[in-house]
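Inspection log for the structure reproduced underneath, given as structure tokens.
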Amino acid sequence: MKRRIAVWGGLGVLAMAAVVGGALILSLPPAPAAAEAPPVPRAEAEAMLAALKPPKRARPVVAIIGINDATETTDYLMPYGVLKRADVAEVMLVATAPGPVTLYPALTVEPHATTAQFDARYPEGADYVIVPAMNRNDDPAALAWIRRQAADGAIIIGVCAGATVVAETGLLDGRRATTHWYFLKRLRKDHPDIRYVADRRIVVDGGVATTTGITASMPMALTLIEAIAGGERAGAVARELGLARWDARHASAAFRFNRPFALTVIGNTLAFWNRETLGLELTPGMDEVSLALVADAWSRTYRSRAVSFAAGPVTTRNGVRVLPDRAEADWPATRRLPAIDDRPPAQALDAALQGIERRYGRRTADVVAMQLEYPGRGAARPGEAQPSIGMMKTRS
């Protein structure tokens, strides 16, 4: 089986190896300085929107494909939640087999259809297929279905390390692309024909799009909304999310494996006796984007993991049925995460990072932000670098 995509387990192994070889730590670069993301030329932005126009239907069909045993939490749920807010497309969470989808590093959800059920409902295929990161990039059923959808004219969008899954289909051969910073070296080694594009959160080439790390799926979804329904509709959704603007700009040099990152991961990994299980309450109608971001963030500290709890399954704002990890009505107050409230999702993530900093320190919050490839943290303190998701968040 191909390498597993779970970044966080891989980083833990690397951290332990670094303990054995101190020279590795000393050889790592320091934290990168704050960097200005270069602007995207207008002609390039317009060409991207033109390339992402719906290929088949005026109201397009979007399928977000997952494998049942492990698909990345935010990659799977955030594009769904953002696109559903816009109400400009039919959007479905799809899985390769019947049953729930276990997301990593947190949450379990019920998809709306299997790939077979989707094919029966839409025999002409999807307009867009969004491919999240998965715990393996060579799942035969997922690869075969993605190839068939591409052959039927769907635009394929690899989110984060989902680009490595798309690469395994052969659809990125000879094309421009990007991916999560941690997987970039391996992607280029395994697929040397891919032409990497730096300083772009979103890259589109020949009916295939890819993005950088996890939080890039929010500007990606907004860009897709703009391509489908125009800038005014995308802007309205962006404001609901807590964003002022969205585009493909990205400071790639700000995201790389560095000494403070490695030392923090090592320290947190070794302090296993301080590891916490924190309860996150599921409530009917909660925003699935905020839920995904908060659960994801608190499960990447190497000190904690978020465990969902509720008396039974809960349906989110836009119709995702979430299965609780613990069928419990309450959780001890000292180990209970703040409730998911009505604040915009971008602010919910900022609040989670602030909570992580208060509980475990700034370095741990920066480690989480690096894994999420979340601009505005890690290279500099908030306010010293560009703002958050896609350098576009409205400061409150």
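Rounding to the nearest 0.5 angstrom, the gap separating the OH atom in Tyr182 from the CZ atom in Phe261 is 8.5 Å. In this structure, CG in Leu83 is found 9.5 Å from OH in Tyr128, a value given to the nearest 0.5 Å. We find the OG1-CD1 distance between Thr115 and Ile67 to be 12.0 Å, quoted to the nearest 0.5 Å. Atom CG of residue Leu349 and atom CD of residue Gln354 lie 9.5 Å apart, to the nearest 0.5 angstrom. A distance of 9.0 Å separates CG in Asp190 from OG1 in Thr164, rounded to the nearest 0.5 Å. The CD1 atom of Ile64 sits 8.0 Å away from the CG atom of Leu77 when rounded to the nearest 0.5 Å.
Cluster membership check: Val101 shares its hydrophobic cluster with Leu293, using side-chain heavy-atom separations under 4.5 Å among Ile, Leu, Val, Met, Phe, Trp and Tyr. Residues Leu187 and Ile156 share a hydrophobic cluster, clusters being chains of Ile/Leu/Val/Met/Phe/Trp/Tyr side chains in contact below 4.5 Å. Residues Ile228 and Ile157 are members of one and the same hydrophobic cluster, defined by side-chain heavy-atom contacts under 4.5 angstrom among Ile, Leu, Val, Met, Phe, Trp and Tyr. Grouping the Ile, Leu, Val, Met, Phe, Trp and Tyr side chains by contacts below 4.5 angstrom, directly or via other members, places Val131 with Val61. Under the 4.5 Å side-chain heavy-atom criterion for grouping Ile, Leu, Val, Met, Phe, Trp and Tyr, Val320 is connected to Met78 within one hydrophobic cluster.
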For this session: Tell me, with the steps shown, if Thr301 and Val367 meet side chain to side chain contact (heavy atoms under 4.5 Å, CB included).
Result: CA-CA 7 Å; Thr301 65; Val367 161; over 6 Å; no
For this session: Could you give me the CA-CA distance, side-chain angles and deciding distance for Arg201 and Thr211, then say whether side chain to side chain contact (heavy atoms under 4.5 Å, CB included) is met?
Result: CA-CA 5 Å; Arg201 293 270 270 183; Thr211 79; 5.9 Å; no
Exercise. Does the pair His180 and Gln371 meet the rule for a side chain to side chain donor-acceptor pair (under 3.5 Å), with working shown?
Worked result: CA-CA 9 Å; His180 188 289; Gln371 291 175 77; over 6 Å; no
For this session: Decide side chain to side chain contact (heavy atoms under 4.5 Å, CB included) for Leu280 and Val307; before the verdict, give the C-alpha distance in whole Å, the side-chain angles of both, and the deciding distance to 0.1 Å.
Result: CA-CA 6 Å; Leu280 179 59; Val307 173; over 6 Å; no
Exercise. For Asp350 and Tyr374, what are the C-alpha separation, side-chain angles and deciding distance, and is it a side chain to side chain donor-acceptor pair (under 3.5 Å)?
Worked result: CA-CA 10 Å; Asp350 276 344; Tyr374 187 58; 2.6 Å; yes
Exercise. Going through the distances and angles, do Ser217 and Asp75 end up as a side chain to side chain donor-acceptor pair (under 3.5 Å)?
Worked result: CA-CA 7 Å; Ser217 60; Asp75 291 354; 4.9 Å; no
For this session: Show the numbers, then the answer: is there a side chain to side chain contact (heavy atoms under 4.5 Å, CB included) between Gln149 and Asp119?
Result: CA-CA 9 Å; Gln149 289 293 322; Asp119 291 344; 3.5 Å; yes
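Asp247 has a carboxylate O that lies under 4.0 Å from a charged side-chain N of Arg245, or vice versa, which qualifies the two as a salt bridge. Comment: Asp127 does not engage Lys56 in a salt bridge, judged by the lack of any side-chain N to carboxylate O separation of less than 4.0 angstrom. A salt bridge links Glu281 with Arg336; the closest basic N to acidic carboxylate O contact falls under 4.0 Å. Using a cut-off of 4.0 Å between Lys/Arg side-chain N and Asp/Glu carboxylate O, Arg233 and Asp87 are scored as not salt-bridged. Ion pairing between a basic and an acidic side chain is recognised when a charged N comes within 4.0 Å of a carboxylate O; Glu44 and Arg200 show such pairing. Electrostatic pairing of Asp287 and Arg85 counts as a salt bridge here, judged by a charged N lying under 4.0 Å from a carboxylate O. Asp152 and Arg148 are not joined by a salt bridge, as no carboxylate oxygen comes within less than 4.0 angstrom of a charged side-chain nitrogen. Taking 4.0 Å as the cut-off between side-chain N and carboxylate O, Arg363 and Asp366 do not count as a salt-bridged pair.
A donor-acceptor pair shorter than 3.5 Å can be found between the side chains of Asn268 and Thr364. For the residue pair Glu276 and Ser304, no side-chain donor N or O sits within less than 3.5 Å of a side-chain acceptor on the partner. At a cut-off of 3.5 Å, with distance as the only test, a side-chain donor of Asp325 or Ser308 sits close to an acceptor on the other residue. For the residue pair Thr102 and Asp69, no side-chain donor N or O sits within less than 3.5 Å of a side-chain acceptor on the partner.
In this structure a side-chain-to-backbone donor-acceptor pair under 3.5 Å is present from Thr210 to Thr178. The backbone N or O of Met370 lies less than 3.5 Å from a partner atom in the side chain of Trp181, making a donor-acceptor pair. Counting only distance, with no hydrogens or angles, the side chain of Thr215 and the backbone of Leu372 share a donor-acceptor pair below 3.5 Å. Between the side chain of Thr73 and the backbone N or O of Ala106 there is at least one donor-acceptor pair closer than 3.5 Å. Using modelled atom types, no side-chain atom of Ser299 and backbone atom of Arg305 make a donor-acceptor pair closer than 3.5 Å. A side-chain donor-acceptor contact under 3.5 Å links Lys53 to the backbone of Ala227. Within the 3.5 Å criterion, the main-chain N or O of Pro39 finds no donor-acceptor partner in the side chain of Arg249. A donor-acceptor pair under 3.5 Å links the side-chain atoms of Asn68 to the main chain of Gly99, judged by distance alone. With Arg175 contributing its side chain and Asp205 its backbone, the two residues share a donor-acceptor pair below 3.5 Å. In this structure, the side chain of Thr179 engages the main chain of Cys160 through a donor-acceptor pair within 3.5 Å.
Taking the side chain as every heavy atom from C-beta outward, Val289 and Thr74 never approach each other to under 4.5 Å. Residues Thr108 and Leu103 have side chains not in contact (no heavy-atom distance under 4.5 Å, counting atoms from C-beta outward). Within the 4.5 Å cutoff, the side chain of Glu240 has no heavy atoms near those of the Pro344 side chain.
Checked against the 6.0 Å centroid threshold, Tyr80 and His112 count as a close aromatic pair.
No more than 12 heavy atoms of other residues, nucleotides or ligands lie within 6.0 Å of CG in Asp342, so this atom counts as exposed by the packing criterion.
Each ring pair (Phe, Tyr, Trp, His ring centres under 6.0 Å) pair with one or both residues in residues 308-336, not counting sequence neighbours, appears once here: Phe309-Trp331.
Hydrophobic cluster of Phe272: the remaining members, joined at side-chain heavy-atom separations below 4.5 Å, are Trp273, listed by chain and number.
Tyr122 meets the ring pair (Phe, Tyr, Trp, His ring centres under 6.0 Å) test with Phe118; sequence neighbours excluded.
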